[in-house]
Amino acid sequence: MSDKTTMPDQPCPCQSGDGYDLCCAPYISGGEVPLTAETLMRSRYTAYTQENSAYLIATWHPDTVPVDLSFGGNTVNWKSLRILSTELGQHDDEEGRVEFEARFQAGNQTSRMRENSLFRKVNGRWVYVDGEVDRAPNKTVASPKKIGRNEPCTCGSGKKFKKCCG
């Protein structure tokens, strides 16, 4: 885990409108389990803002979890999260979808990523399975470094660029 922490009295990065200590902190600390797919999605977004690979891996489906989820110096500053739609994913469901848009800055480039994420319950807990990603950049300044197809994706997903945002 990195040193990107969220203070308890700050607004939650997931932009729910609640403070971090009342929103995602109980899930990320392991004190509580998200009861809906959307709640898990929000807590995972917050974990990405903190570069908290342990929480991300723990909430990933065992069949699709990456072998290594290191952020390795490719700093992504997550700026905002907007939930676009949810389908199922409630407490009594076994599967659900959450479509969201996240804005981020990687290097000198500001972009947005839109994903329709699939979540399933495993042993009564929601986990992230995978998602269909649509990344549309909003360039502010061109990035001087071209990302190779086999390099880790700058969005922090843990996937290769060609399989993710490329």
Side chains of [X] and [Y], heavy atoms from C-beta outward: is any pair under 4.5 Å?
X      : Y      : value
Tyr48  : Leu56  : yes
Met41  : Leu81  : yes
Asp63  : His61  : yes
Cys12  : Thr46  : yes
Arg97  : Asn116 : yes
Tyr20  : Gln50  : yes
Tyr128 : Thr59  : no

Residue pairs meeting salt bridge (Lys or Arg N to Asp or Glu O under 4.0 Å), one or both in residues 27-36, sequence neighbours left out, come to none
Can you list every pair that meets salt bridge (Lys or Arg N to Asp or Glu O under 4.0 Å) and has a residue in residues 34-47, with sequence neighbours left out?
Glu38-Arg42
Test of understanding: clusters of I, L, V, M, F, W, Y form through side-chain heavy atoms closer than 4.5 Å, transitively. Do Ile28 and Leu35 belong to the same one?
no
Kindly write out the residues that satisfy side chain to side chain donor-acceptor pair (under 3.5 Å) with [X], not counting sequence neighbours, or none if the list is empty.
X      : value
Tyr45  : none
Ser43  : Tyr55
Thr39  : Thr36
Arg120 : Glu95

Using the test side-chain contact (heavy atoms from CB on, under 4.5 Å), find all partners of [X] that sit at least two apart in sequence or belong to another chain.
X     : answer
Leu88 : Asp93
Asp18 : Ser16, Cys23
Leu84 : Arg82, Glu99, Glu101, Arg114
Val33 : Arg125

As an exercise, state the distance from [atom1] of [X] to [atom2] of [Y], rounded to the nearest 0.5 Å.
X      : Y     : atom1 : atom2 : result
Trp60  : Ser53 : CH2   : OG    : 10.5 Å
Cys14  : Trp78 : SG    : CH2   : 14.0 Å
Phe104 : Ser80 : CZ    : OG    : 11.0 Å

If you link ILVMFWY side chains whenever their heavy atoms are less than 4.5 Å apart, which other residues fall into the same cluster as Leu118? By chain and number, please.
Val129
Remaining members of the apolar cluster that contains Val122, side-chain heavy atoms under 4.5 Å:
Val127
With a 6.0 Å cut-off on the ring centroids, do Phe119 and Trp126 count as close?
no
Between Lys79 and Ser111 (side chain of the first, backbone of the second, donor and acceptor by atom type, cut-off under 3.5 Å), is there such a pair?
no
